[in-house]
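One structure is given below, encoded as structure tokens.
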Amino acid sequence: MNKEIEYIGRKLKELSGDTFKKIKTPIGEENFYNPIFNKMDFSEISEENLFIHIGQFLINPNEKHKNNLIAFVEAFGLKLIKSRASLDQSINFVYLTRCSIMDLLEQELLQNRISISSFFEVLKIIEYSYQLISKTLLNIYNEELLFIKLALDESKEDLKMTLRELADLERALNEATIFAITDREDKILYANDNFCDLYKYTREELLGKKHDVYSSNFHPPSFFHEIWETIQGGEVWKGDILNQAKDGTQYWLDTTIVPFVDSNGERYKHISIQYDITEKRKTEETLRKTEKLAMVGQLAAGIAHEIRNPLTTIRGFVQLLSANEIEPNYASTILDEIDRINFIVSEFMVFAKPHQIYFSDCNIKSILTSVVKFLEPEAIMKNVKIKYHFPIEDVVISGEKNQLKQVFLNLIKNSIEAMPTGGKIDIMIERTDQNISITIKDNGIGMESDQVKKLGEPFFTTKQDGNGLGLMVSYKIIQNHKGSVDVKSKLNNGTTFKLTFKTQIKKEKTNSSNITENE
């Protein structure tokens with residue numbers, strides 16, 4: 001090994017990155033500063049820097065040190081890419097390191113520490129080393145560029161797909177819904193054709209207007225205040241709204257309002273998606289009225305029979321009075337029978353008289369007691385015994401008294417009819433801090449599991465002369481009261497209906513001694 005070449009190799013290994021951060025360049029710029037040094041510190045890479053590997057390869061240019069040099073350049077090249085250095089900056093960096101080596105060789109040659117022949121021998125090895133370095137860097141950047149190109153192509157394809165899906169979604173919304181977009185001030189930015197057709201306004205008439213332009217004035221201000229608070233909080237609002245078209249026609253609309261929020265969580269616009277459910281609402285109301293009429297028809301015969309019984313008694317005593325053979329205690333008997341007639345007629349009028357629906361505090365215990373008394377005569381006629389277990393104190397929920405009475409009448413009457421040869425009905429009220437439950441249990445003919453699953457469907461009935469509307473209306477009423485229904489039944493082993501409602505007013509828990517029972 002040439003001692004002078006080995007000497008240069010050792011000198012190269014002593015160089016550091018600081019020697020070429022600021023150097024004189026061939027284009028005459030002194031103190032040239034490479035921007036790459038803003039992004040990475042050459043000295044922090046490791047002590048095993050580029051000069052060490054070039055110096056080692058110069059001292060012993062075998063395959064091992066050649067591979068070590070290439071491996072270092074590959075690792076260092078990835079760091080250059082990670083620092084977001086461009087290919088030009090990286091090539092410039094290589095040029096600067098080469099300039100540092102050439103400066104070192106020039107000084108050593110001028111001071112006669114190496115010969116001309118050694119100088120040129122070193123140049124050949126250095127030149128070969130930098131060809132390896134440049135080629136390795138180019139390969140790394142090519143691979144990175146190829147990866148970026150593939151990623152961009154994939155992203156471009158994903159973007160095309162996303163835009164296509166958005167276009168399909170927009171087309172579906174426009175065709176299938178009544179759709180509008182509104183800004184942060186509730187002014188309409190866009191309305192689709194279905195929206196314009198329903199409200200009988202042109203798009204130009206709607207743009208820039210607020211949604212109260214088609215208000216029906218049916219809902220109170222608090223209703224819209226709740227909607228506004230919900231979407232202002234970035235939450236989706238769902239519900240039914242009654243709106244009015246330009247020609248005065250009113251429509252019930254199943255409405256979903258979806259707010260768009262910015263990075264600060266503030267709403268900057270929202271979309272309204274609506275479906276016309278006017279006919280559905282009319283149908284539900286018609287079915288509800290039909291069920292009431294059907295129930296009145298079924299009860300009419302029993303009511304007429306029950307009215308005739310006290311009238312017969314009264315007629316007999318009146319005949320006695322006319323014969324001047326009346327005893328004093330007969331008068332109280334006559335009055336009791338008349339009161340009984342009044343009670344039956346009053347209960348009958350619940351179904352006959354239309355009334356406005358208002359929610360108020362409803363005493364479940366009182367409602368069930370009146371329903372049991374109303375149905376007791378029919379139960380006795382069919383050999384059915386009704387037992388109830390109620391708490392002593394009142395049990396109150398928020399609801400509509402007559403609708404709840406309709407539900408209880410329907411369920412208890414169904415239980416009576418499910419026991420054609422007689423039987424027993426148990427009615428129980430239970431209350432916890434969270435829930436109030438009403439259980440109606442009979443030991444009648446029961447149902448199969450498939451029949452239980454269909455309960456509440458329109459026109460599904462297990463009775464020969466039924467219309468299937470009773471339970472459907474009852475389920476709807478329970479749903480409107482935020483309640484739930486659980487049904488358990490077994491063929492020839494009876495049926496149990498359990499209605500659960502949220503507790504309205506928290507009271508002390510009942511214990512086993514505070515129970516009113518009727519046997």
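The residues of the chain are indexed from 1 along the displayed sequence.
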Is [X] reaching over with its side chain to a backbone N or O of [Y], donor-acceptor style, under 3.5 angstrom?
X	Y	answer
Arg431	Val395	no
Asp254	Ile277	no
Asn243	Tyr251	no
Asp486	Lys498	no
Thr249	Ala245	no
His219	Leu242	yes
Asn264	Glu266	no
Tyr190	Thr182	no
Ser272	Ala180	no
Glu448	Gln451	no

Does Lys209, at its NZ atom, have more than 12 non-hydrogen atoms belonging to other residues, nucleotides or ligands within less than 6.0 Å?
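Atom NZ in Lys209 is packed in, count exceeds 12.
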Lys200 atom NZ, neighbour heavy-atom count above 12 within 6.0 Å
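Atom NZ in Lys200 is packed in, count exceeds 12.
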Would you please indicate if the ring centroids of Tyr214 and Phe195 are separated by under 6.0 Å?
yes
Ile397 and Ile364: CA distance, side-chain angles, deciding distance, side chain to side chain contact (heavy atoms under 4.5 Å, CB included) verdict
CA-CA 7 Å; Ile397 69 169; Ile364 295 296; 3.8 Å; yes
Rounded distance [0.5 Å steps], [atom1] in [X] versus [atom2] in [Y]:
X	Y	atom1	atom2	answer
Gln406	Leu411	CD	CG	10.5 Å
Ile8	Leu109	CD1	CG	9.0 Å
Cys196	Glu204	SG	CD	8.0 Å
Phe51	Leu58	CZ	CG	13.0 Å
His53	Phe72	NE2	CZ	5.5 Å
Ile5	Arg10	CD1	CZ	12.5 Å

Given the rule in the side-chain hydrogen bond (donor to acceptor under 3.5 Å, both in side chains) test, do Ser118 and Glu4 qualify, once you have shown the distances and angles that lead to the verdict?
CA-CA 7 Å; Ser118 296; Glu4 292 181 353; 2.4 Å; yes
Considering only heavy atoms from C-beta outward, does the side chain of [X] approach that of [Y] to under 4.5 Å?
X	Y	result
Lys365	Val396	no
Thr496	Val487	no
Asp276	Trp252	no
Asp193	Arg203	yes
Asp426	His389	yes
Leu198	Leu253	yes
Asp186	His270	yes
Thr439	Phe497	no

Any idea which heavy atoms bring [X] and [Y] closest together, and the distance?
X	Y	result
Ile52	Lys13	O-CG, 3.6 Å
Thr230	Val236	CG2-O, 3.8 Å
Cys362	Gly399	SG-O, 3.2 Å
Ser216	Gln250	CB-NE2, 3.7 Å
Gly494	Ser489	O-OG, 3.3 Å

Kindly determine whether Ile271 and Thr256 satisfy side chain to side chain contact (heavy atoms under 4.5 Å, CB included), including the steps that lead there.
CA-CA 8 Å; Ile271 63 172; Thr256 301; over 6 Å; no
Between [Y] and [X], is there a side-chain donor-acceptor contact under 3.5 Å, judged purely by atom types and distance?
X	Y	result
Asn435	Ser437	no
Gln274	Thr255	yes
Asn62	His65	yes
Ser474	Asn410	yes
Lys502	Gln434	no

Would you sort out whether Lys124 and Glu121 count as a salt bridge (Lys or Arg N to Asp or Glu O under 4.0 Å), showing the intermediate values?
CA-CA 5 Å; Lys124 284 197 297 183; Glu121 189 66 29; 3.7 Å; yes
Does the side chain to side chain contact (heavy atoms under 4.5 Å, CB included) test come out yes or no for Glu108 and Leu104, once each step is laid out?
CA-CA 6 Å; Glu108 296 298 324; Leu104 174 66; 4.0 Å; yes
Thinking salt bridges, do Glu205 and Lys246 make one under a 4.0 Å N-O criterion?
yes
Look at Asp240 together with Arg281 and state whether they make a salt bridge at an N to O cut-off of under 4.0 Å.
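Yes, Asp240 and Arg281 are salt-bridged.
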For Lys66 and Tyr128: C-alpha separation, side-chain torsions, deciding distance, then whether side-chain hydrogen bond (donor to acceptor under 3.5 Å, both in side chains) applies.
CA-CA 10 Å; Lys66 172 186 171 183; Tyr128 176 72; 3.3 Å; yes
Cation-pi geometry met for Arg267 and Trp237 (6.0 Å, 45°)
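Judged by the rule, Arg267 and Trp237 form no cation-pi pair.
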Worked verdict on Arg98 versus Glu127 for salt bridge (Lys or Arg N to Asp or Glu O under 4.0 Å)
CA-CA 9 Å; Arg98 188 176 180 278; Glu127 200 62 37; 2.6 Å; yes
Step by step, work out the side chain to side chain contact (heavy atoms under 4.5 Å, CB included) result for Leu132 and Ile70.
CA-CA 7 Å; Leu132 285 176; Ile70 292 172; 4.2 Å; yes
